[in-house]
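To find a chain, count down the sequence lines: A is the first, B the second, and so on, and within it residues start at 1.
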Amino acid sequence: MQLTPLEIVRRESLQKLRELGINPYPAEEFKTTATINDILTKFDEFEGKEVILAGRMMSRRIMGKASFAELKDSSGRMQIYINRDEICNEDDATLYNTVFKKLLDMGDIIGIKGEVFKTKVGEESVNVKELTILSKSLKPLPVVKTDADGKVHDAFSDAEQRYRRRYVDLIVNDHVKETFIKRTKITNSMREFFNNRGYLEVETPILQPIPGGAAARPFITHHNTLDMPLYLRIANELYLKRLIVGGFDAVYEFAKDFRNEGMDRTHNPEFTVMELYVAYKDYNWMMKMTEDLLEKVAIDTNGTTEVQIGENKVSFKAPYPRVPILEAIKIHTGYDVAGMNEVELREVCKKVGIEVDETMGVGKLIDELFGEKCEHHYIQPTFITDYPKEMSPLTKEHRTNPALTERFELMVNGKELANAYSELNDPIDQKERFEDQLKLSEKGDDEAMFIDQDFIRALEYGMPPTSGIGIGIDRLTMFMTNNSSIQEVLFFPQMKPEKKAPTVELNDDEKAVFEILKKTEKIELSELKTQSGLSNKKWDKTMKGLTKHKLAKVNNTDEGLFVEITS
RNA sequence: GACCUGGUAGCUCAGUUGGUAGAGCACCUCCCUUUUAAGGAGGUGGUCCUGGGUUCGAGCCCCAGCCCGGUCACCA
């Protein structure tokens with residue numbers, strides 16, 4: 001691998017440090033006595049006191065015998081002041097002149113011991129008395145500078161580089177770290193909410209013999225010993241319900257699910273859903289629970305129920321409006337589609353400009369009407385309720401209308417955030433719904449659900465009336481952190497592999513020329529060119545290739561140009 | 001999967017009808033003991049994404065491909 005000039009300089013510095021007897025990667029624990037955030041927030045307490053800090057040097061301003069540098073630890077950034085006469089004794093200034101000024105670089109991880117003070121211009125700083133190298137950095141970091149107005153210059157902003165090298169992104173872009181800290185605050189807040197109510201956090205299989213609980217294309221893998229296919233879960237719903245059958249009153253899981261489908265700025269092949277199931281509850285209860293939960297999450301994350309999402313200000317303050325889906329369609333299209341059959345619905349869709357085809361049933365048509373004409377109107381949190389039966393094979397039939405189900409989706413900023421039901425617990429009804437799915441599948445719907453016989457068996461033992469919900473954690477994090485792309489809330493979003501490393505293998509021309517060279521060891525350049533029979537362009541390219549791989553070199557001698565093999 | 005942008009120094013970006021590859025920061029050398037996008041003087045650094053083609057000559061034009069991003073399709 002070819003090193004850049006900047007990398008070569010750093011490797012030479014590394015070597016020189018070793019020659020000076022300094023281990024650039026020491027093993028010993030480095031005990032710190034404070035964090036940068038502590039010092040900055042409680043400066044009065046720290047001023048004049050000695051502290052030991054460790055972190056990464058993010059910038060350096062050398063002014064002869066004194067320098068300023070910026071130190072960054074996990075809590076923040078602050079300035080340190082390094083004076084030659086403070087860190088060196090009188091007869092040996094190596095530590096300052098050579099080690100600090102020449103051999104250290106931006107990005108190196110150092111430890112310092114020094115006194116907290118304020119500079120003439122009033123910046124909180126540490127006056128360094130001792131300097132320890134904790135880890136030498138061999139690759140240059142992007143240089144991001146912030147001016148007096150807080151304006152960022154030359155931000156490390158290339159999305160590809162930021163996602164592929166998230167570690168660099170986290171080092172130089174402080175706001176990125178904030179996003180991920182908030183993500184954890186969100187899940188901590190939810191856990192706290194559930195645990196306080198006595199709900200049990202559980203783990204269920206990721207490798208499933210039957211991928212159930214949702215309609216999506218799964219990833220498939222193979223277990224060698226059992227010699228059978230296994231699927232990465234698309235949902236964990238059916239396993240959590242088995243646990244409700246088993247007698248737990250409330251179980252929840254933060255689940256990584258996997259779907260082998262398209263990727264865009266709201267879809268990653270692996271994503272996180274929090275699913276919760278509570279016995280003896282219905283979807284009305286679940287709406288109330290959701291309001292309470294999200295209000296708490298918003299406050300725990302941002303300190304307020306008001307969240308700025310793009311251009312919209314969204315309030316998570318409970319309660320949220322509840323709108324039946326058919327009502328929503330009536331409001332936004334003017335058509336009352338309640339009780340319409342497939343033919344009538346198709347007419348309505350055509351009238352409002354939605355493309356339809358023959359495979360679409362009643363459920364799909366209603367879904368299209370809502371998705372195209374209604375969904376984007378619901379900016380403030382809104383429960384859309386009572387979805388048609390066909391679209392919801394795991395949901396209990398509505399208590400007053402057998403064509404509908406007891407289901408809601410929570411819409412926020414025009415997007416689905418959560419999906420919840422009064423769970424279907426009638427095993428015979430469930431079996432029939434699965435069989436309907438099978439018919440859809442036979443009609444060509446490759447996303448219809450598989451039949452899980454064991455799940456039906458579990459229901460046959462009796463599952464209490466239960467309400468369940470799934471909340472998209474990635475999406476919730478996007479809302480709470482005002483990010484419009486899922487990649488911004490995943491540490492390592494899925495990417496295609498980087499360009500493969502340049503091959504060391506020779507191409508045919510290079511091989512041919514190298515063969516000639518091997519016979520002669522040394523040959524006049526023009527003679528070799530003639531023997532190779534290559535055109536000017538190809539000759540040039542071939543020779544450049546061989547010299548680059550350090551297999552051959554050209555010697556300019558008194559007798560002329562000669563090519564020889566390098567050993 | 002389709003279409004549209006883009007890919008040039010470590011980072012952010014310029015690059016004129018096709019004519020020897022540029023800037024700022026970073027880096028290197030020198031000066032500078034409270035600076036702060038530190039400053040001053042000088043300097044180094046390139047697979048112009050890859051592979052073909054057109055041309056006397058390609059970062060630029062043409063073809064094919066790769067990768068990021070965006071829009072759409074798909075994804076209840």
Asks: May I ask you to decide if A/Ile234's main-chain N or O and A/Arg259's side chain share a donor-acceptor pair within less than 3.5 Å?
Replies: yes
Asks: Below 30° counts as parallel, above 60° as perpendicular, anything between as tilted: where do the rings of A/His377 and A/His332 land?
Replies: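 Rings of A/His377 and A/His332: parallel, as their planes differ by under 30°.
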Asks: For A/Lys389, enumerate each residue passing the side-chain hydrogen bond (donor to acceptor under 3.5 Å, both in side chains) test, keeping only those at least two apart in sequence or located in another chain.
Replies: A/Glu397
Asks: Mind calculating the distance between CZ (A/Phe271) and C1' (B/C75) to the nearest angstrom?
Replies: 10 Å
Asks: Measure from CD on A/Glu261 to P on B/A73 and round the result to the nearest Å.
Replies: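 It is 15 Å, rounded to the nearest whole Å.
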Asks: Which is it for A/Asp105 and A/Lys136 under the salt bridge (charged side-chain N to carboxylate O under 4.0 Å, His left out) test, yes or no, and what are the steps along the way?
Replies: CA-CA 8 Å; A/Asp105 290 289; A/Lys136 179 79 190 142; 2.6 Å; yes
Asks: Under 4.0 Å, heavy atoms only, any strand: does A/Arg407 hit a base, just the sugar-phosphate, or nothing?
Replies: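 It contacts sugar-phosphate atoms only.
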Asks: In whole Å, what is the span from the CE atom of A/Met106 to the P atom of B/C27?
Replies: 7 Å
Asks: If the sugar-phosphate is the primed atoms plus P, OP1 and OP2 and the base is the rest, what is the B/S/- string for nucleotides 29-36 of chain B, using protein heavy atoms under 4.0 Å?
Replies: SS-BBBBB
Asks: May I ask you to say what A/Arg265 touches in the nucleic acid, namely base, sugar-phosphate or nothing, with a heavy-atom cut-off under 4.0 Å?
Replies: sugar-phosphate
Asks: Please report, rounded to the nearest Å, how far the P atom of B/C75 is from the CG atom of A/Asn419.
Replies: 16 Å
Asks: Might you list the N or O atoms of the protein lying below 3.5 Å from N or O atoms in nucleotides 11-13 of chain B, with each pair's distance?
Replies:
from, atom 1, to, atom 2, distance (Å)
B/U12, OP1, A/Asp158, N, 3.3

Asks: What is the nucleic acid contact for A/Gln487, judged by heavy atoms within less than 4.0 Å: base, sugar-phosphate only, or nothing?
Replies: sugar-phosphate
Asks: For nucleotides 1-9 of chain B, which of its nitrogen or oxygen atoms have a protein nitrogen or oxygen under 3.5 Å away, and what is each distance?
Replies:
none

Asks: So what does A/Pro393 touch, heavy atoms closer than 4.0 Å: a base, only the sugar-phosphate, or nothing?
Replies: base
Asks: Determine, for A/Asp436 against A/Lys439, whether the closest basic-nitrogen to carboxylate-oxygen distance falls under 4.0 angstrom.
Replies: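 A salt bridge is present here (some side-chain N lies under 4.0 Å from a carboxylate O).
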Asks: Distance to the ring centre below 6.0 angstrom and angle to the axis at most 45 degrees; does that hold for A/Arg407 and A/Tyr387?
Replies: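 The answer is yes; both the distance and angle limits are met.
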Asks: Donor-acceptor pairs under 3.5 Å, side chain of residues 114-122 of chain A to any protein atom, not counting sequence neighbours: which ones?
Replies:
from, atom 1, to, atom 2, distance (Å)
A/Thr119, OG1, A/Gly122, N, 3.4
A/Thr119, OG1, A/Glu123, N, 3.1

Asks: Please state how far atom CD in A/Glu372 lies from atom P in B/C72, giving the value in whole angstrom units.
Replies: 10 Å
Asks: Strictly by ring-ring contact (aromatic ring centres under 6.0 Å, His included), give each pair with a member in residues 136-155 of chain A just once, sequence neighbours left out.
Replies: none
Asks: Mind checking who B/A9 pairs with, Watson-Crick or G-U wobble, both distances under 3.5 Å?
Replies: none
Asks: Ignoring hydrogens and angles, tell me if any N or O in the side chain of A/Asp264 forms a donor-acceptor pair with the backbone of A/Thr266 under 3.5 Å.
Replies: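 Indeed, once roles are kept as given, a pair shorter than 3.5 Å links the two residues.
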